[in-house]
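Report on one structure; see the data block that follows.
Chain naming here is simple, since letters A, B, ... match the order of the sequence lines and numbering starts at 1 in each.
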Amino acid sequence: MYDIKNKSNNSNNLNVNKPVPFIGKGFQPKTRSWMGYFVFFIIIFVLELGTSTGVISSLTLPKPSDVLETIIQLFQSGLLFKHLVPSILRLVIGALIGISLGISIGTLIGLFSYFRSGLVPVIAAIFPIPKIALLPLFVIWFGIGEGSKYALIALGSFTPTVVATYGAVDNVDRTLIRMGQSFGLSWISIVYKIVLPGAMPGILSGLRISLAISIILLVAAEMLGAEYGIGAYILEAGSLYDLERLFAGVTILSLLGITVSVFVTKLEQKILKWR
Amino acid sequence: MYDIKNKSNNSNNLNVNKPVPFIGKGFQPKTRSWMGYFVFFIIIFVLELGTSTGVISSLTLPKPSDVLETIIQLFQSGLLFKHLVPSILRLVIGALIGISLGISIGTLIGLFSYFRSGLVPVIAAIFPIPKIALLPLFVIWFGIGEGSKYALIALGSFTPTVVATYGAVDNVDRTLIRMGQSFGLSWISIVYKIVLPGAMPGILSGLRISLAISIILLVAAEMLGAEYGIGAYILEAGSLYDLERLFAGVTILSLLGITVSVFVTKLEQKILKWR
Amino acid sequence: ASNKKIKVGALRFTSHSASFIAKERGYFKQAGLDVEFEFFQAAQPMAIAIASGDIDYAVTAISGGLISLAEKGAVKVIGGALSEEEGIDGQKFLVSDKAYKAGVRSPKDLNGKRYAVTQSGSSFHYMGSKMAAAENINLSFVPLQKVGAIIGALKSGQVDAWSIVPHIAKPLSRGGSIHIIGNVADYLPNYQITTVFTSSNNAKNERALTKNFLTGFSKGVDDYASTMIDKNKGDAGVNEMVDLIHKYVYTSRPREKAAPSIINGTMRLSDGASLNLASIKNQLEWFKSEGLVKKSITIDTLVDQSYVKIIS
Amino acid sequence: MNIKIKNLNHSYDKSKVLSDINLEIMDGQILSIIGPSGCGKSTLLRLIGGLEKPCSGEITQIGSPPAGCLNAMTYIFQDFALLPWRTVEENVSLVLEDHSLSNEIKRSVIDDVLDRTKLKDFSYAFPKQLSGGMKQRVAIARALAVNPAVLLMDEPLSALDSQTRELLLEDFINLWHRKPFTAVYITHNLSEAVRLGHKILVLSRRPGKIIETISIEKPIADRKLIDKDLDQYQKHLWNIMHDEARAADAELLNV
Amino acid sequence: MNIKIKNLNHSYDKSKVLSDINLEIMDGQILSIIGPSGCGKSTLLRLIGGLEKPCSGEITQIGSPPAGCLNAMTYIFQDFALLPWRTVEENVSLVLEDHSLSNEIKRSVIDDVLDRTKLKDFSYAFPKQLSGGMKQRVAIARALAVNPAVLLMDEPLSALDSQTRELLLEDFINLWHRKPFTAVYITHNLSEAVRLGHKILVLSRRPGKIIETISIEKPIADRKLIDKDLDQYQKHLWNIMHDEARAADAELLNV
Ligand SMILES: Nc1ncnc2c1ncn2[C@@H]1O[C@H](COP(=O)(O)OP(=O)(O)OP(=O)(O)O)[C@@H](O)[C@H]1O
Ligand SMILES: Nc1ncnc2c1ncn2[C@@H]1O[C@H](COP(=O)(O)OP(=O)(O)OP(=O)(O)O)[C@@H](O)[C@H]1O
Ligand SMILES: [Mg+2]
Ligand SMILES: [Mg+2]
């Protein structure tokens with residue numbers, strides 16, 4: 001037999017008693033929600049201090065308190081809603097078009113060989129195309145009105161939704177489908193009662209990404225002849241190098257993003273309460 | 001007992017013989033790779049026909065053959081590489097910075113309560129911020145040289161990598177970690193031998209998204225004082241409303257995206273050969 | 001008057017004041033037009049919007065994109081708007097503080113320096129290029145897409161020079177981080193900066209409509225010039241005009257903060273929308289020589305000379 | 001209704017899975033099938049149920065399904081195959097929805113099967129709230145709801161712990177006793193096979209051939225958890241299987 | 001080395017899981033623990049191994065681990081817990097790498113344990129290529145490599161089909177026979193419990209209390225697959241367990 005240098009006591013002495021050591025600690029990070037607020041507070045505090053004392057030049061970053069004031073002014077003047085309402089409308093309509101198209105096409109790709117073979121390469125080719133590169137064309141294709149804004153956001157949310165959807169359909173447990181077939185369920189029943197609900201978790205987590213991308217694309221969309229809108233507001237602030245307003249706009253978008261993410265979480269809890 | 005209207009033959013007649021019907025068809029889409037080529041061919045053919053005959057106005061879309069010619073000319077004049085090389089360099093360096101930082105921070109978030117609680121909300125707040133909105137600031141922060149281009153691409157690939165990484169770390173099978181602990185493995189061994197390899201599939205699929213976003217951001221990055229680069233080429237073509245060159249550039253980006261995706265697949269096959 | 005509905009593209013710049021005046025004072029209405037403005041963030045989408053038929057008339061600088069669209073048979077220049085004129089404050093050459101400290105005091109000192117443009121083929125590129133040719137120096141042009149990015153780069157000394165309209169140039173130079181070192185007009189006298197343009201279809205088939213538009217527009221120009229440049233109505237007139245323009249420009253700032261910028265922005269708008277064809281030809285030749293547009297384009301592809309007085 | 005299988009052969013790609021299977025499933029009887037891992041038991045069941053097409057040979061239904069049968073060949077799967085987004089009741093209702101039954105009939109069928117499987121109190125529970133044993137009872141209720149001609153069971157108990165398995169086996173036997181059904185019962189567990197089967201079919205390692213068929217005369221209702229009459233069968237079967245099982249377990253799976 | 005548990009109580013949040021457990025695990029013996037689902041068997045094992053801290057009571061090692069022991073309390077998990085990205089050999093090597101052993105010693109340990117578990121020919125296979133039985137043999141080899149004082153086994157066979165389970169049970173018995181080890185063996189399977197245990201502990205439904213402790217005198221090596229001496233114990237245990245098991249199975253899981 002083999003031989004291992006014995007580092008512990010060699011004799012089996014029954015008088016040596018010791019409690020079993022605890023070795024199972026760690027690897028279970030817990031979320032302490034106050035920490036998040038604390039970190040934001042620290043960041044903002046440091047920036048405030050830095051910008052007030054001039055350690056951080058006013059060219060580099062605005063004073064957080066000025067940004068806050070800008071947002072408050074924006075709110076008080078009623079301009080906030082004048083900017084927010086059209087943006088949210090564009091977001092909702094554009095994302096709705098893109099996502100519903102995406103789910104339909106994604107489901108078709110998930111179900112039919114012909115759609116899969118024909119469309120997957122096309123989607124793969126469209127994915128890496130930067131939407132802002134196509135802005136000039138969007139004017140010709142969809143006009144400068146709301147149409148082109150919807151189209152841009154729709155295109156941006158379309159591709160990730162398709163990819164998420166057909167991935168989700170692929171991941172639907174095949175035994176559930178076989179079960180449906182074995183009970184003689186019709187094709188349409190299987191799709192509506194088994195495939196789509198089964199793909200829902202994947203589709204919803206795709207939704208999270210699609211909506212984040214939609215928000216990001218708001219700015220690009222509002223490059224095209226938008227008078228009002230958070231994107232337009234940011235662009236104008238940027239072109240005037242007005243950092244307070246730029247950051248005010250960015251903060252609003254960021255809050256919008258967090259709101260949307262919370263909304264998806266709520267939606268998940270509602271639709272996926274069976275999990 | 002209940003009563004169901006009997007639609008089939010009521011008597012148990014042993015002389016009625018029929019083969020068991022086949023009900024297990026469908027729901028297994030297969031990829032026929034020729035279909036992909038075929039669809040591309042059809043699309044290009046229709047566009048060629050439409051633009052040649054004038055059904056599609058030259059304002060709307062360029063002639064595919066002209067786009068091809070432009071690409072060939074670009075190649076023959078050597079300009080293709082003059083544009084491609086700096087773009088790829090920016091892509092590689094920027095993505096490398098963003099992804100390696102993202103994996104590190106993501107792992108920390110996955111392992112430690114404090115990082116998780118403190119950083120997750122910050123990441124969630126950064127995610128929906130459109131990078132192009134920050135362009136004017138990037139000029140001040142990182143200059144108009146290569147620095148700001150790397151920074152933009154790094155920032156763009158950072159957030160999705162963080163999210164993918166900590167999700168992947170969370171999904172590492174906890175019994176494997178408990179196993180490591182029960183065998184008295186050191187903390188560092190558990191992280192390097194269990195957590196990280198276990199998170200690798202998730203990290204790699206995050207890589208796919210991060211790299212796609214990096215390519216999309218090339219155009220935004222090259223808005224800042226880039227003379228050469230595919231993004232710069234596209235921007236110039238857009239501002240001159242030169243559709244042939246615009247589409248040539250977009251085609252090149254699209255091919256780049258497909259190449260990167262194939263590269264990640266190869267990487268997955270290599271690293272995850274144990275799956 | 002038939003009260004025909006048309007859409008006019010505009011940027012919220014003082015250089016578009018003529019259209020605002022014509023609308024506010026009812027000159028368009030008198031010409032039988034019911035004008036609705038469509039505002040843009042940048043000039044380039046405006047040109048494309050004319051091509052796509054989303055808007056009917058607009059004012060913008062001659063750019064590579066505009067010429068390309070003209071070459072595709074989509075747009076036509078039909079008149080002039082903003083131009084450099086001797087004696088009136090025009091566009092400025094600016095340098096960063098860093099370059100200034102390094103001894104750049106006039107455009108000829110810019111040899112080998114970095115010159116900011118939004119895009120190759122933009123009017124900034126044209127101005128810089130022409131100046132460099134005249135001074136016989138070399139400039140490297142840095143495309144930064146957005147005016148905001150250029151200002152940031154200039155303030156932090158990452159680019160050395162730029163040119164811009166006076167109402168942006170002057171406030172920038174006040175901070176001390178940017179300095180004015182010359183006038184564009186010294187190199188490009190009578191430079192036709194912006195032009196009135198429309199779709200080829202309007203220019204060719206809607207002659208009456210186009211004439212009516214130019215009539216209304218010209219009246220706006222006349223008012224603007226007589227009040228703001230020639231000061232025929234004194235300060236009261238200027239104030240009244242500022243009030244009018246403030247409805248469209250710098251709307252997010254209070255009147256007293258906006259007024260100096262509006263007044264500073266005053267430049268000559270060509271009388272009766274007349275067009276300086278020589279300047280246009282010069283610009284077109286430059287675009288061709290830089291390889292930015294097709295060599296085959298002639299001045300007639302770009303300009304319909306039948307509408308306004310042509311200066312050459 | 002009987003099922004007759006004649007000269008059945010089946011291959012995937014180039015590898016043969018089932019070789020020359022001949023058998024008849026008799027009305028009202030339970031046929032147990034045992035065999036080492038990967039010998040093609042599940043494949044055989046899929047072929048019988050029509051979920052796959054055999055490469056050669058034929059599978060015929062002899063006679064017609066019984067009165068009121070909505071789905072002749074009905075599966076009970078090892079992993080239950082419940083829809084996690086439907087409650088117990090809705091899972092049963094699923095298989096009735098595509099048939100044009102009145103709401104009352106549907107209601108009464110559902111009530112009846114939930115009653116028979118003692119699930120009445122859990123109608124509105126979601127699958128995640130159920131223990132493994134209850135989940136499989138739901139799957140059984142669902143199968144009973146269509147009044148099947150033949151129940152096809154692919155290791156229905158092997159995902160359960162052995163105590164629950166024992167309990168469910170009792171339930172099965174009670175169900176069969178109250179109203180005998182035809183069934184094919186695939187298992188890895190020799191004691192289950194002898195507890196439930198009128199006939200027991202032993203398959204060889206892949207490609208699966210029939211090595212032996214055993215009939216047990218003792219009535220199912222009289223068989224016990226610890227039953228000396230059955231022990232001899234079980235011992236005999238284990239002797240046939242031992243080496244096959246060892247070899248099958250030591251095979252590297254092709255990847 | 002013995003393990004002594006005194007007045008052990010454990011709760012999660014407000015729900016009590018284990019109540020007043022007192023027992024001693026004797027050196028060189030196998031202790032089987034049975035009990036209905038959710039009664040706290042796995043929790044008890046985690047407490048013994050130190051993966052969790054008990055709410056009250058104490059668990060002490062009496063005496064020192066044997067010579068050459070690298071890891072006193074060593075688990076064998078139900079789901080094998082193999083690293084899928086490591087080959088068989090590398091999976092075993094994992095638990096040796098953190099000890100400063102020379103390469104030759106490591107090599108010889110690995111060879112020895114792979115030999116004892118008959119895995120020599122599969123050293124370079126990845127887990128996905130292995131059948132369930134082989135995977136568990138790798139986990140056993142890994143546990144043997146650290147020469148443990150006590151093997152803690154949480155339903156080590158319940159993920160396997162019953163034929164493979166029977167084979168592995170034979171292997172276990174052989175291993176123990178060649179070199180007796182101390183072990184706690186948790187199972188749901190009464191016949192396994194009586195096949196392997198010197199002592200059998202029966203836990204009640206949650207909160208787990210010890211209902212009964214049974215000792216079986218017959219030497220482990222003499223016990224058989226079908227063994228009348230064991231049947232009486234098994235029957236007795238099933239009688240104690242039946243109602244507890246039925247109630248445990250019908251409990252809705254709190255979500
Ligand atoms: N769809 C398929 N394509 C290719 N090979 C398959 C397919 N289904 C099963 N096989 C192979 O056919 C053989 C028999 O599989 P089957 O599932 O019928 O075995 P089994 O007897 O049910 O095994 P187990 O006892 O493990 O359930 C196996 O080697 C399996 O790998
Ligand atoms: N980490 C935990 N947090 C909260 N409750 C837990 C935790 N682990 C186990 N429990 C609960 O404690 C009880 C006992 O769990 P345990 O896993 O020990 O039971 P078990 O006897 O092993 O069951 P099984 O036979 O199903 O494996 C269960 O009700 C379980 O839900
Ligand atoms: Mg099977
Ligand atoms: Mg357990």
**Report entry** Intermediate values then yes/no, side-chain contact (heavy atoms from CB on, under 4.5 Å), V77(C) and L66(C)
**Finding:** CA-CA 9 Å; V77(C) 169; L66(C) 189 75; 4.1 Å; yes

Query - Residue pair S163(C), Y115(C): steps toward the side chain to side chain donor-acceptor pair (under 3.5 Å) verdict - result: CA-CA 9 Å; S163(C) 58; Y115(C) 190 92; 2.9 Å; yes

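Looking at I140(B), both its backbone and its side chain come within 4.5 Å of chain C, counting heavy atoms on both sides. In this structure, chain B has a heavy atom under 4.5 Å from the side chain of I48(C), while its backbone stays farther away. Only the backbone of A226(B) comes within less than 4.5 Å of a heavy atom in chain C; its side chain stays farther off. Proximity to chain B involves both the backbone and the side chain of Q158(C), based on heavy atoms less than 4.5 angstrom apart.
The candidate with the highest count of non-hydrogen atom pairs below 4.5 Å against chain C, out of E222(B), E236(B), E227(B), is E236(B). Put simply, of L243(B), L137(B), L235(B), the one with the most heavy-atom pairs under 4.5 Å next to chain C is L235(B). Considering only heavy-atom pairs separated by less than 4.5 Å from chain B, the leading option among S120(C), A47(C), S156(C) is S120(C).
Side-chain contact annotation: T14(C) with Y250(C), donor-acceptor N/O pair under 3.5 Å absent.
Remark: the backbone N or O of I129(B) is paired with a side-chain donor or acceptor of K131(B) at under 3.5 angstrom.
A salt bridge links R90(B) with E146(B): the closest approach of a Lys/Arg side-chain nitrogen to an acidic carboxylate oxygen falls below 4.0 angstrom.
Between Y166(B) and F115(B), the ring centre distance reaches or exceeds 6.0 Å.
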